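As the structure is a prediction and not an experimental result, all values here were calculated from the model.
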Amino acid sequence: MSIAYDYSREPIPVAPSAKPRLLLIDGQHVPSVSGRTFKTLNPATEQVIATVAEGNEVDVDRAVAAARRAFEEPWRSMRASERGQILLRLVDLMKAHAEEIAALESLDAGKPIAGVLRQDLPAAIDTLTYYAGWADKISGEVVSTRDDALTYTVREPVGVVAAIVPWNFPLMIGMWKLAPALACGCTIVMKPAELTSLSALRIGELALQAGLPPGVLNIVTGPGRVVGDALVNHPDVDKVTFTGSPGVGRGILRGAAGNFKRVSLELGGKSANVIFDDADIEAASKAAASGIFFNAGQVCSAGSRVLAHEKVYDEVVERLTQRAKAIRIGDPADRATAMGPVISEKQMKSILDYVDIGRNEGAFLTTGGERVGDRGYFISPAVFANVKHEMRISQEEIFGPVVSVIKFSDEADALRIANGTAYSLAAGVWSRDIGRVQRFAKKANAGTVWINTYGYTDVRLPWGGVRDSGLGREHGTAALENFTEPKAVWMNLNV
């Protein structure tokens with residue numbers, strides 16, 4: 001997708017602000033009831049970017065009440081084509097403010113600006129455009145049952161949606177939730193991650209400018225243990241859509257039982273990227289490096305386990321090692337930077353702890369796995385060789401730039417290892433044997449399987465997994481089912 005702005009220009013700088021960023025409730029920017037705020041840091045410098053209003057249960061109550069009022073009138077009764085037009089106006093505003101949004105996302109999440117401009121922002125705009133087009137095309141069907149009745153189905157919006165967004169792709173994943181829910185006629189209370197709230201608040205401002213009625217989109221910032229829990233347990237929330245960790249996902253399922261609210265969860269991953277000996281080793285190694293080191297490894301579908309056939313194992317390890325060493329780490333605002341910092345000091349420490357665990361388990365660290373510099377949360381990309389399938393670094397989601405390279409002997413062995421974790425989000429397979437890759441795709445426990453490529457996504461295709469990778473699917477027509485309920489209508493024709 002192309003966006004009308006000049007990539008050669010420097011992004012608009014986003015200066016730290018002393019003015020707190022406020023909640024968005026019922027079309028108004030308001031402080032939290034408590035008056036409390038929290039600081040958001042630039043992970044590349046550890047400096048404060050802004051202070052943000054810290055919401056609590058009372059703010060959630062206000063936001064949910066506003067969303068309920070707006071759902072009943074005017075949003076659900078508005079012509080679907082009008083809803084679509086409002087979303088398209090938001091598309092135009094996002095394009096007009098593209099450089100500003102990209103700079104804000106880069107600053108807040110530590111993402112290299114070039115990557116935000118190439119992927120995150122275009123993907124968010126594409127998602128919004130796609131679902132704006134769906135707004136007036138969501139329909140039911142006439143079902144022939146008997147001659148004396150007209151029987152048909154309609155799809156109605158589920159109601160008030162709580163959208164809980166992670167910190168690794170705040171703009172893009174936020175739009176994965178916002179766009180289909182609004183297109184279906186739902187209203188939203190969004191909780192961005194506490195670490196990355198700024199782009200969501202800016203999108204909220206632009207949505208009001210686009211003509212979104214007050215209360216249709218509300219944004220309550222603050223800690224998950226307060227704001228998130230209040231949304232999950234709220235009796236007037238009809239649906240929760242969440243992206244994050246399996247542990248939090250389990251808590252959401254328990255909390256949603258109170259009023260049997262609908263839930264969709266996109267959780268973790270420990271994806272296998274399998275390279276057979278007849279593959280294009282250069283292409284496979286290049287994609288494998290990108291598949292784990294993109295976004296500093298903070299990707300649910302990251303190919304954190306590279307499975308290499310014993311005949312090409314040493315070559316794959318060497319190629320991955322050389323590619324890891326060549327990655328340019330640095331200032332996210334520099335367009336030449338390939339890898340920025342991880343999101344926080346806590347995440348950095350967790351990743352470095354896993355590097356120590358890998359060493360202690362007997363894996364061999366060929367490169368990386370160290371903090372870079374003494375300011376910012378930068379980690380050099382790490383490659384572990386001689387990894388055994390049972391090791392913790394092979395089984396547990398690290399969520400950082402750390403790859404485990406595991407040796408396999410044959411097709412059955414590769415499939416056993418690939419399926420041998422609690423996760424099932426994605427997998428990749430590399431081979432010139434068309435029968436082999438098709439057998440692997442059929443038997444892999446994964447919601448998405450890439451063949452002779454890795455990492456591509458498109459809003460038109462379903463996205464998600466099962467087990468510790470979650471339940472339900474985002475994207476495509478599957479997302480429309482997340483935010484609508486079918487209703488059967490039976491009309492007696494003999495009256």
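In this structure, Ile164 and Thr243 have side chains that are not in contact, with every pair of non-hydrogen atoms separated by 4.5 Å or more. Taking the side chain as every heavy atom from C-beta outward, Thr421 and Arg305 approach each other to under 4.5 Å. In this structure the side chain of Val342 reaches within 4.5 angstrom of the side chain of Gln298, judged on heavy atoms. You'll find the side chain of Leu480 reaches within 4.5 Å of the side chain of Cys184, heavy atoms only. Between Ile351 and Ile398, some side-chain heavy-atom pair lies under the 4.5 Å cut-off. Looking at Val160 and His234, their side chains never come closer than 4.5 Å, going by heavy atoms from C-beta outward. The closest side-chain heavy-atom distance from Val263 to Ile252 is below 4.5 Å. Side chains of Met391 and Glu361 form a contact here, defined as non-hydrogen atoms less than 4.5 Å apart.
With respect to the salt-bridge test (charged N to carboxylate O, under 4.0 angstrom), the residues Asp238 and Arg262 do not qualify. Under 4.0 Å is where a charged nitrogen must lie from a carboxylate oxygen, and between Arg436 and Asp410 no such pair does. Under a 4.0 Å N-O distance rule, the pair Lys111/Glu105 does not qualify as a salt bridge. Under a 4.0 Å N-O distance rule, the pair Arg323/Glu318 does not qualify as a salt bridge. Salt bridge annotation for Glu481-Arg473: absent, with no cationic side-chain nitrogen under 4.0 angstrom from a carboxylate oxygen.
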(message) What verdict does the salt bridge (Lys or Arg N to Asp or Glu O under 4.0 Å) test give for Asp126 and Arg460, after you've listed the backbone C-alpha separation in whole Å, the side-chain angles of each residue and the deciding distance to 0.1 Å?
(response) CA-CA 10 Å; Asp126 188 33; Arg460 295 151 192 84; 2.9 Å; yes
(message) Determine whether Met190 and Val161 satisfy the following criterion, side-chain contact (heavy atoms from CB on, under 4.5 Å), listing intermediate values before the conclusion.
(response) CA-CA 8 Å; Met190 177 180 284; Val161 172; over 6 Å; no
(message) Run Thr51 and Thr37 through side chain to side chain donor-acceptor pair (under 3.5 Å) and show every step you take.
(response) CA-CA 6 Å; Thr51 57; Thr37 61; 4.9 Å; no
(message) Is there a side-chain contact (heavy atoms from CB on, under 4.5 Å) between Ile203 and Met175? Walk through the geometry before answering.
(response) CA-CA 9 Å; Ile203 295 299; Met175 195 57 71; 4.3 Å; yes
(request) Take Ile343 and Asn168, measure what side-chain contact (heavy atoms from CB on, under 4.5 Å) needs, and give me the verdict at the end. (result) CA-CA 8 Å; Ile343 190 64; Asn168 59 330; over 6 Å; no
(request) Check the pair Ile188 / Leu182 against side-chain contact (heavy atoms from CB on, under 4.5 Å), numbers first and verdict last. (result) CA-CA 8 Å; Ile188 299 174; Leu182 293 179; 3.8 Å; yes
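Gln347 contributes a side-chain N or O that, together with a main-chain N or O of Phe399, makes up a donor-acceptor pair within less than 3.5 Å. Proximity of a side-chain donor or acceptor of Ser424 to a complementary backbone N or O of Ala446 within less than 3.5 Å is not detected. The backbone N or O of Met339 sits nowhere less than 3.5 Å from a side-chain atom of Thr337 that would complete a donor-acceptor pair. In this structure, the side chain of Ser380 engages the main chain of Gly369 through a donor-acceptor pair within 3.5 Å. Not one N or O on the side chain of Lys239 forms a donor-acceptor pair closer than 3.5 Å with the backbone of Ala162. Side-chain N or O atoms of Asp458 include none that pairs as donor or acceptor with a backbone N or O of Leu461 at under 3.5 Å. One N or O on the side chain of Asn419 and one on the backbone of Asn445 form a donor-acceptor pair closer than 3.5 Å. Although no hydrogens or angles enter the test, the distance criterion places a donor-acceptor pair under 3.5 Å between the side chain of Gln395 and the main chain of Gly420. Thr321 places a side-chain N or O within 3.5 Å of a backbone atom of Val317 that can act as its donor or acceptor partner. Between the side chain of Ser106 and the backbone N or O of Ala102 there is no donor-acceptor pair closer than 3.5 Å.
Taking all atoms of both residues into account, the shortest heavy-atom contact from Phe384 to Val355 is CZ-O, 3.4 Å. Across all non-hydrogen atoms, the minimal contact from Leu307 to Ala272 is CD1-CB, 4.1 Å. The heavy-atom pair separating Val402 from Phe293 by the smallest distance is N-CE2, 4.4 Å. Among all heavy-atom pairs drawn from Trp430 and Tyr454, the shortest one is CZ2-N, 4.2 Å. Of all heavy-atom pairs spanning Ala444 and Leu415, the tightest one is N-CD1, 4.1 Å. Among all heavy-atom pairs drawn from Gly222 and Val227, the shortest one is CA-CG2, 3.9 Å.
Note that the CG atom of Asn386 and the OG atom of Ser404 stand 11.0 Å from one another [nearest 0.5 Å]. Atom CG in Asn360 sits 10.5 Å away from atom CG in Asp353 (nearest 0.5 Å). Rounded to the nearest 0.5 angstrom, Lys177 NZ and Asn482 CG are separated by 9.0 Å. The line from CD1 of Ile406 to NE2 of His389 is 7.5 Å long, rounded to the nearest 0.5 Å. Rounding to the nearest 0.5 Å gives a distance of 7.5 Å between OG of Ser469 and CD of Glu266. In this structure, CZ on Arg371 lies 7.0 Å from CD on Glu345, to the nearest 0.5 angstrom.
The salt bridge (charged side-chain N to carboxylate O under 4.0 Å, His left out) contacts involving residues 378-395 comprise Arg392-Glu396, where partners must be two or more places apart or lie in separate chains.
Ring geometry, Phe408 versus Phe276: the interplanar angle exceeds 60°, so the pair is classed perpendicular (tilted spans 30 to 60°). Taking the six-membered ring where the residue is Trp, Trp134 and Tyr130 present perpendicular rings, their angle passing 60° and hence far from 30°.
In this structure, a donor-acceptor pair under 3.5 Å is absent between the side chains of Asp108 and Trp167. Using a 3.5 Å distance cut-off with no hydrogens or angles, the side chains of Thr221 and Ser197 do not pair a donor with an acceptor.
Note that Lys270 lies outside the cation-pi zone of Tyr423, set by a 6.0 Å cut-off to the ring centre and a 45° limit from the axis. Geometrically, Lys349 does not engage Tyr354 in a cation-pi contact, judged by NZ or CZ lying under 6.0 Å from the ring centre and within 45° of the ring axis.
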